[in-house]
Amino acid sequence: MSKLSADTPFNGYNQEWAGLSLREISGFEIVSLAIANDKKLKGKTPIPGSFIDTPKGRILWTGQNQYFLFSDVIDDRLDETLSDDYGDVVYCT
C-alpha cells in the first residue's frame, strides 16, 4: 500500500535572520479580488490594512479596489466559485 502525502511548494521552508523571519504557511487558499471599474461589493468591506470575517474566510483590503480573501479551506476552485457568486463585479485570481 502506497503512503503518499501532500507536499507544499516549499516543503515547510523556514528561515530566520536578525530581525526577519520567512516561513511557508499552508492549509488555506488565497484569492485576489479585483473590483471592476464603477462596481461595488455587496456587504461590508474592510478598512485599509484590516481584516473582516466572511462566510468564505477573511478579507484583507490591500489597495484601491483590491482585496485578498484568505479561505480556511483548501478549494482549488474557490476563484471560480467567487466569480460565479459576484458575476461581473470582481475579477478573481
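- Note that CD of Glu16 and CG of Leu22 are 10.0 Å apart. Values are rounded to the nearest 0.5 Å.
- When all heavy atoms are compared, the tightest approach of Leu78 to Glu29 is CD2-CB, 4.2 Å.
- With contacts defined as side-chain heavy-atom distances shorter than 4.5 Å, the pair Phe51/Pro46 does not qualify.
- Under the 4.5 Å side-chain heavy-atom criterion for Ile, Leu, Val, Met, Phe, Trp and Tyr, Tyr13 and Leu20 are members of the same hydrophobic cluster.
- In this structure, CD on Gln66 lies 7.5 Å from CG on Leu33, to the nearest 0.5 angstrom.
- Considering only heavy atoms from C-beta on, Leu69 stays 4.5 Å or farther from Arg58 through its side chain.
- Counting heavy atoms from C-beta outward, Ile52 and Trp61 have side chains that stay 4.5 Å or more apart.
- The CD1 atom of Ile59 lies 12.5 Å from the CZ atom of Phe68; values are rounded to the nearest 0.5 Å.
- Environment of CD in Gln64: sparse, with no more than 12 heavy atoms of neighbouring residues, nucleotides or ligands closer than 6.0 Å.
- Counting heavy-atom neighbours within 6.0 Å of Phe10 CZ, excluding the residue itself, gives a total of 12 or less.
- Distance check: Thr62 OG1 to Asn65 CG gives 10.0 Å after rounding to the nearest 0.5 Å.
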